[in-house]
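Lettering of chains follows the sequences in order, A, B, ..., and the numbering in each one begins at 1.
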Amino acid sequence: MIHYHPDTDRLMAFAAGTQPLSQAICVSAHLEHCAQCRQLLRRLNHVGSEMISSLPPARVPEQLKAKVMQKIRSGEAAVEQPISTTGSAPGHSPIVPRCLRKLVPGDIDKLRWKRLSPSIRSARLCSDVDGTQVELIRIKPGGKVARHNHTGEEVTLVLKGAFSDESGIYRAGDIIFRDQRDRLHRPIASQDSECICLTAVASPIQLTGWLGRIFNPLIRRSHYAH
Amino acid sequence: MQDPAATHVQLLSGLIEQVGAQRDERAFEQLFEHYAPLLRSYSLAREPGAHLVADELVQEVLVKVWNKAHLYDSAKANANTWIFTLARNCRIDYLRRNGRFAADIDADDLYAGLEDENSDPFEITQQRKAALQVQEGLRQLPNEQAQVLAKVYLEGKTQQEAALELNLPLGTVKSRVRLALQKLEILFRGRQP
């Protein structure tokens with residue numbers, strides 16, 4: 001059962017295509033898990049489609065139709081096969097969201113995992129033009145992420161297992177948005193299994209406390225380090 | 001008596017199916033006549049004056065219509081909504097090619113399998129009703145609410161960008177969006193904003 005969803009504004013941005021790619025990846029992965037949000041997305045798409053339908057039609061240059069007809073006749077246009085949307089692709093770990101299959105080929109163990117602490121590893125998948133990093137994070141059972149504040153927005157989607165912080169318990173499919181207004185965030189993975197999350201982090205987060213003051217300058221890259 | 005707008009959408013859906021089943025060029029030309037001017041407007045809404053970009057979008061979307069028509073199922077999707085998703089994806093890919101997005105993920109990857117209606121007849125009926133409610137509701141929406149929806153869906157702005165341009169606090173933009181979605185009966189009762 002999924003308890004944490006993107007708010008309607010974020011789903012609308014996804015429907016309209018105005019979200020930064022890094023966030024859209026996380027929202028897409030959530031939608032794959034969540035029938036309720038998919039239903040809302042389809043309703044939000046109706047708004048876009050009716051907005052386009054009610055636009056004043058623009059004049060179309062005469063040669064445009066001929067160009068398109070030529071393209072479809074010349075075979076330049078190739079009839080597409082449906083993208084498989086059921087189950088997992090052969091060789092893909094079932095936890096990998098569909099939208100990331102190009103970036104996570106096959107087994108996730110083969111990604112380049114970087115050890116951030118004895119209980120946390122991360123693998124970078126891509127970065128957005130604004131510098132936002134999209135990563136997979138693996139936390140060992142019971143593993144703690146260092147207490148931190150956020151200086152930008154952090155989106156987390158649970159793919160496997162569960163973790164908790166001061167505000168709740170998050171399980172597969174749950175999506176969580178945190179920013180600078182959320183003080184002192186300290187996630188802990190559940191004791192019974194490894195927790196794997198997809199994250200998009202906009203800018204470096206800050207560790208708090210005296211250790212944080214010493215280490216903050218050093219953790220710009222490995223911000224989940226314990 | 002049936003709503004003439006609903007009949008028109010059904011006609012368009014039938015044309016897409018004809019293209020899918022028979023590669024019917026005549027049906028395709030009719031789709032071109034209807035959608036090309038709207039798609040051009042859609043592109044110009046985001047980049048006024050960028051006529052070449054608009055022509056490019058029209059071509060890309062219509063070629064996609066030809067290539068994907070056999071995957072279209074009129075029982076499950078409204079023709080206009082299907083075209084909207086193709087146009088939006090082409091816009092996203094255009095922006096990505098021009099450096100606004102990094103990474104090798106294209107729009108079809110992001111939306112694959114998320115937007116098809118499921119085959120539950122109850123939900124199909126619900127969605128069809130919802131589409132008509134939106135059509136009807138948009139006509140009656142106060143200007144200031146329609147304006148923020150246009151900023152997001154047509155001009156491709158974030159809510160922050162819309163607030164800046166309209167010289168409004170972000171909170172006002174958010175509440176106008178919420179009021180609009182309630183009027184269009186998009187928000188389920190009880191759903192948190």
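Inter-residue side-chain proximity for B/Leu114 and A/Arg98 is flagged as met; some heavy-atom pair is nearer than 4.5 Å. In this structure the side chain of A/Thr18 never reaches within 4.5 angstrom of the side chain of B/Lys157, judged on heavy atoms. A heavy-atom distance below 4.5 Å is not found between the side chains of B/Trp66 and A/Val68. Residues A/Arg73 and B/Glu25 form a side-chain contact, since some pair of their non-hydrogen atoms from C-beta on lies under 4.5 Å apart. The closest side-chain heavy-atom distance from B/Val177 to A/Asp9 is below 4.5 Å.
For A/Glu62, the CD atom sits in a loose shell: 12 or fewer heavy atoms of surrounding residues, nucleotides or ligands are nearer than 6.0 Å. Counting non-hydrogen atoms of neighbouring residues, nucleotides and ligands closer than 6.0 angstrom, the CG atom of B/Asn167 reaches no more than 12 such neighbours.
Of all non-hydrogen atoms in A/Met51 and B/Ala146, the two that sit nearest each other are CE-O, 4.1 Å. B/Ser41 approaches A/Pro57 most closely through the heavy-atom pair OG-C, 3.9 Å. Heavy atoms only, all atoms of each residue included: B/Leu38 and A/Ile52 are closest at CD2-O, 3.6 Å.
For the atom pair A/Leu64 CG and B/Gln59 CD, the distance stands at 5.0 Å (nearest 0.5 Å). Rounding to the nearest 0.5 Å places OG of A/Ser49 at 8.0 Å from CD of B/Gln135. A distance of 11.0 Å separates CG of B/Asp106 from SG of A/Cys99, quoted to the nearest 0.5 Å. The line from CZ of B/Arg40 to CG of A/Leu55 is 13.0 Å long, rounded to the nearest 0.5 Å. Taking CZ from A/Arg42 and OG1 from B/Thr81, the interatomic distance works out to 11.5 Å, rounded to the nearest 0.5 Å. Distance check: A/Gln39 CD to B/Glu115 CD gives 14.0 Å after rounding to the nearest 0.5 Å.
Residue with the most contacts toward chain B among A/Val27, A/Leu125, A/Val134, A/Val47: A/Val47 (heavy-atom pairs, distance under 4.5 Å). Ranked by heavy-atom pairs shorter than 4.5 Å toward chain B, the options A/Ser53, A/Ala24, A/Ala13 are led by A/Ser53. In terms of non-hydrogen atom pairs under 4.5 Å with chain A, the most contact-rich of B/Leu44, B/Val134, B/Leu110 is B/Leu110. Counting heavy-atom pairs closer than 4.5 Å to chain A, the top residue among B/Leu138, B/Asn89, B/Leu184, B/Val58 is B/Leu138. The greatest number of non-hydrogen atom pairs below 4.5 Å with chain B, out of A/Ala35, A/Ser54, A/Gly48, A/Ser22, is found for A/Gly48. Top candidate by heavy-atom pairs under 4.5 Å with chain A, chosen from B/Tyr42, B/Tyr111, B/Trp82, is B/Tyr111.
In this structure, no portion of B/Arg139 lies under 4.5 Å from any heavy atom of chain A. With a 4.5 Å cut-off on non-hydrogen atoms, A/Ala15 touches chain B through its backbone and its side chain both. Contacts of B/Tyr35 with chain A are absent, with no heavy-atom separation under 4.5 Å from either backbone or side chain. Contacts between B/Ala107 and chain A at a heavy-atom distance below 4.5 Å are absent for every atom of the residue. In this structure, chain A has a heavy atom under 4.5 Å from the side chain of B/Glu33, while its backbone stays farther away.
Checked for salt-bridge contact, B/Glu185 and A/Arg43 miss the test: no charged N lies under 4.0 Å from a carboxylate O. Salt bridge present: B/Asp109 and A/Lys102 bring a charged side-chain N and a carboxylate O closer than 4.0 Å.
Between the side chain of B/Tyr153 and the backbone N or O of A/Leu44 there is at least one donor-acceptor pair closer than 3.5 Å.
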